[in-house]
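Notes to accompany the following structure.
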Amino acid sequence: MLAFLVQRISQALLVMFVISVVAFAIQDGLGDPLQEMVGMSVSQEEREAIREELGLNDPMVIQYLRFAGNALQGDLGNSYFYSKPTLAVIAEHLPATLELVIGASLIIILLSVPIGVYSAIRPQAWLSKFFMGVSTVGISIPVFLTAIVLIQLFSIGVTVNWFPSDTAWGQWLNEALSTEGGLPSYGRGEHLTPLFGTWESGFFTSEGLMHLLLPSVSLASIMLPLFIRLIRAEMMEVLQSDYIRYARAKGLSAWRINFLHALKNTMLPVITVGGVQIGIMVAYTILTETVFQWPGVGLMFLEAITRSDIPLIVAYLMVVGLIFVVTNTLVDLIYGLVNPTVKLTGKKA
Amino acid sequence: MKKFLAAFMGSMALATAPMALAAEATKELKMAYDADPVTLDIHEQLSGGILQLSHMSFDPLLRWTQDLGFEPRLAESWERIDDNTVRFKLRKGVKFHSGNELTTKDVKFTFDRLKQSQDFKAIFKPFSGINIIDDYTFELVTSEPYPLLLNTATYIFPLDSEFYTGTTEDGEDKSAILKHGNSFASTHISGTGPFRVTERQQGVRVEFERFKDYWDTESPGNVGKIVLTPIKEDATRVSALLSGGVDFIAPVPPNDLERIRNDKNAKLVTMSGTRIILFHMNQERVEAFKNPKVRQAINQEGIAAKIMKGFATPAAQLSPEGYQGHNPDLKPRFDVEKAKQLMKEAGYEDGFTITMMAPNNRYVNDDKIAQAVAAMLARINIKVDLKTLPKAQYWPEYDNRAADMMMIGWHADTEDSANFYEFLTFCPNAETGAGQYNAGNYCNPEIDALVEQANVETDLDKRAALLQEVEKRLYDDAAFIPLHWQDLAWAAKNNVNIEPVLNVMNFPYLGDLVIE
């Protein structure tokens, strides 16, 4: 176990080193950070003076060594835009992203498990076919579009008058298809509950939850179909296996077989995929956060790129790299808990 | 001529507006701009966002009216006492948010700090100093007669000298202006303006509360609280208004103009703006561009109307209407036959190949405009190799003059024509900084001399004649390709009375905003 962790930590350091080098190497292509810092009419001399102050005129190697030296002491530099240490800026924005990811994960878990299991047990039921159809559509719609459609339907509202409104059925259809709107379409709301440190949560007030709803649903929409299909496929395979047939022969209740014995083995590959997907979800938050003006790290990163805020870009990439390594390590540990026969790499047999 | 220039102008809007007491300011305004102010130090950066903040939390000595006249604010009156000097009377009984009272020492502090500011020092270069006569009288002095003294005075938003003087706990000078790193002034604010900043989370939200001791008790404004949320994504900003999440948004993207016009709960306000969009033709890189006939041929454009869906005013010159240099006789040219003829006369009937660069996220539809220009040029056999880039990468290329034709948009900080010429058409000179953005390398010392002459001409009629002559000559010479002035657009809920507080400079006077 210890050897496993040591190995993972050294891996993490390597990953972060590589990321920092790559991020530094591409910064020339990201543009001139001064552009966002000074007005158009500032003279070249003034610009040169600021560049000198920021150390932007030094050779790349010198800049990297300076950065690396500070990084080893836990200082990843100051953001040009926020005028604050980059790690502090990320710490301020990270809770918003984590809450969004938690919200989306909750939706995925609460929906994908029952739907996946149901459509595995009753593959022929019309409801199963409906779910499969919807998930095929869902998987092929980009998250950007999902988000805009959700905003139009549930924030702005849609009035439908396709059917003759002078007939009872027409009126009923019109009303049934129209939506009211009213759900918040941007931001996290004005009143958040402080938890600890920089973490302010939206999970404890109705205002915060309302703001979470649309962004979480659109973020979940990318992963949900994948998980439903994965759980369904795995479950169907498990249901064919011998031990399930023995359990049936033994006369165990269907509920006990499906949810206790079959589901447990179904979840093994799901957890592996899930661990990787959570990392990918952090990446997808960039799109979701942009559409919903969600003040998390994704939006922060995108804006940092348009502003060429290089220290912040480098720090973000390193932190995300760390998150990937950590989640994968955790997944491996959980995997071991669910299935004790699995050996962790580096653990003696 | 020099005795009296202006005093008490444009206070009509205030006099005719319904009277309201400051105590009634209880309405809440939720608004969304595309960005929030990058800093609370209004001298750190000269940008639209900072000026918008300046007009919320500070007051200028005088400010622009909707028809580009002046309106007294913290300066009650002013008079020109000689060619180089204007004397101002400061308003009495004005309080800063900190409780300190405004006197001329605050004006001096502000003036000196502006002279230090990297972004503002260029604008204040013509000024040689400030004379304090007494607590409420001071004089601004220029080294030469300067016709734009009042224009420049609109940039003087007196700071609270007591508040910004001294050292912080860490021993930092409170008055320091820092482009990067955390200065006292970038996170602390005390002005005289209608709104105090009560909470600020950069990139997330800024909250303002009406200042209870605000001096302008005659202002009709009834907004007690403002919540400003930056929403960068155009579609999201529009959705926020249409869903009722916010009351007021700016800017409105051209694609959504119809959507807002059609919405029964929202209204749209547009104005012809003052930012010119143009292409330079680099004569140093392309021999053919040295020939005025080729330049005139290329100038037969007329594309603004098509690309911009009527969201721009086609331009034939740099100065928009209302500026002294605006020459009403100049009309946009569009005649492909004539262009072909000119190319033939110049000996370039078979055309040539050039490179072109434009930003793709700086101006409205910038990349589409560039594509359209390239397509138009193909009609006179000029093949264009076009590259569009995000702004952060574009400007370094621009500084290197990396393509034969490059796009730029320019807004005159002084709201005056001369500023356009100084930056865009003056003979480039690295030492003086003249022609800093003249990517065409067009150089005509005679025209430059006319502008210099106008710059010391305090008789405004004579000055206007000189500047209009400049526009005419640039037009005849086809020094560059003027495309259009970008329009401005704002949108609000019906009960938010935004029209009277908007202006072409795009800094809404929110202190005077009335919500029904």
Side-chain angles (χ1 to χ4, degrees), chain A residues 28-47 49-50 53-54 78-85 89 92-93 96 144 147-148 151-152 154-157 181-188 190 200 289-293 295 299-300 302-303 305-309, chain B residues 30 32 35 38-39 44-47 50 118-123 178-183 186-187 201-205 207 227 229-233 235-237 239-240 242-246 263 361 389-396 399 408-411 413 419 422-423 430 432-433 436-437:
Chain A
D28 249 4
L30 288 174
D32 182 7
L34 241 66
Q35 202 47 51
E36 285 290 325
M37 295 165 76
V38 298
M40 285 290 273
S41 50
V42 172
S43 71
Q44 292 296 349
E45 287 159 36
E46 296 284 345
R47 284 166 197 255
I50 299 170
E53 259 177 67
L54 289 171
N78 274 3
S79 155
Y80 296 147
F81 176 71
Y82 292 93
S83 307
K84 272 197 276 196
V89 174
E92 270 168 28
H93 288 83
F144 208 79
I148 288 176
I151 289 178
Q152 184 66 45
F154 300 111
S155 292
I156 302 176
L183 278 180
S185 65
Y186 72 96
R188 301 179 72 195
E190 283 173 43
E200 290 193 319
E289 287 180 4
T290 311
V291 185
F292 289 100
Q293 190 65 31
L299 183 66
M300 179 207 78
L302 202 73
E303 295 195 336
I305 288 180
T306 55
R307 296 185 186 111
S308 306
D309 194 342
Chain B
K30 290 192 175 168
V38 294
T39 169
E44 192 181 316
Q45 194 179 77
L46 174 52
S47 65
I50 292 298
Q118 283 152 326
D119 276 41
F120 284 90
K121 62 164 64 151
I123 298 182
L178 277 186
K179 276 281 180 199
H180 48 93
N182 230 338
S183 65
S186 69
T187 48
Q201 250 185 301
Q202 196 167 8
V204 181
R205 195 168 62 238
E207 288 186 21
V227 179
T229 308
I231 303 185
K232 184 123 190 156
E233 190 64 30
T236 310
R237 195 161 59 246
S239 299
L242 295 182
S243 67
V246 297
D263 192 283
N361 62 354
L389 306 149
K391 59 183 174 184
Q393 290 154 40
Y394 179 69
W395 295 115
D399 287 341
I408 188 169
W410 196 262
H411 165 254
D413 287 332
N419 181 278
E422 286 158 11
F423 281 96
T432 59
Q436 193 183 339
Y437 288 92

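Residue numbers begin at 1 in each chain, while the letters A, B, ... track the order of the sequences.
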Using a strict 4.0 Å threshold on nitrogen-to-oxygen distance, state whether A/E46 and B/K179 make a salt bridge. no
Checking heavy atoms, do the side chain of B/D119, its backbone, both or neither come under 4.5 Å from chain A? both
With a 4.5 angstrom heavy-atom cut-off, could you sort out which part of B/T229 is near chain A: side chain, backbone, both or neither? side chain
Nearest-0.5 Å distance, CE of residue A/M300 to CD of residue B/Q202: 12.0 Å
Where on B/Y394 is there a heavy atom nearer than 4.5 Å to chain A: the side chain, the backbone, both, or neither? neither
A/Y186 and B/G245: which non-hydrogen atoms are nearest, and at how many Å? OH-O, 3.4 Å
Could you walk me through whether A/M40 and B/F423 satisfy the side chain to side chain contact (heavy atoms under 4.5 Å, CB included) test, starting with their C-alpha distance in whole Å, then the side-chain angles of each, then the deciding distance to 0.1 Å, before giving a yes or no? CA-CA 10 Å; A/M40 285 290 273; B/F423 281 96; over 6 Å; no
Pick one of side chain, backbone, both or neither for B/E207, based on which atoms fall under 4.5 Å of a heavy atom in chain A. side chain
Below 4.5 Å, heavy-atom pairs only: which of A/S79, A/S43, A/A147 has the largest tally toward chain B? A/S43
Answer key: most heavy-atom pairs under 4.5 Å with chain B among A/E92, A/E190, A/K84, A/Q152 is A/E190
Find the distance between CG (A/L299) and CD (B/E233) and round it off to the nearest 0.5 Å. 9.5 Å
Most contacts with chain B, counted as non-hydrogen pairs under 4.5 angstrom, among A/I151, A/N78, A/V38: A/V38
Which heavy-atom pair separates B/D399 from A/Q44 by the least distance, and what is that distance? OD1-NE2, 3.7 Å
Can you find a heavy atom in the side chain of A/I156 that is under 4.5 Å from one in the side chain of B/S239? yes
Choice from A/S83, A/P295, A/P33 maximising heavy atom contacts with chain B below 4.5 Å: A/S83
Looking at A/S185 and B/A240, what are the two nearest heavy atoms and their distance? OG-CA, 3.7 Å
Backbone N/O of A/V291 and side chain of B/T236: donor-acceptor pair under 3.5 Å: yes
Per-residue tally against chain A (heavy atom, under 4.5 Å) across B/K121, B/R237, B/Q45 peaks at B/Q45
Ignoring hydrogens and angles, tell me if any N or O in the side chain of A/Q293 forms a donor-acceptor pair with the backbone of B/P230 under 3.5 Å. yes
Give a yes or no on whether the backbone of A/R47 and the side-chain of B/Q118 come within a donor-acceptor separation of less than 3.5 Å. no
A/D32 (side chain) donor-acceptor with B/P396 (main chain) under 3.5 angstrom: no
Looking only at heavy atoms, what is the nearest atom pair of A/S155 and B/S243, with distance? O-CB, 3.3 Å
Contact part of A/E45 toward chain B, heavy-atom cut-off under 4.5 Å: side chain, backbone, both or neither? side chain
State the CZ-OG1 distance between A/F81 and B/T39, to the nearest 0.5 angstrom. 9.5 Å
Chain B interface, residue from A/I305, A/L302, A/I50 that has the most non-hydrogen pairs under 4.5 Å: A/I50
List the steps, then state whether side chain to side chain contact (heavy atoms under 4.5 Å, CB included) holds for B/K232 with A/T290. CA-CA 8 Å; B/K232 184 123 190 156; A/T290 311; over 6 Å; no
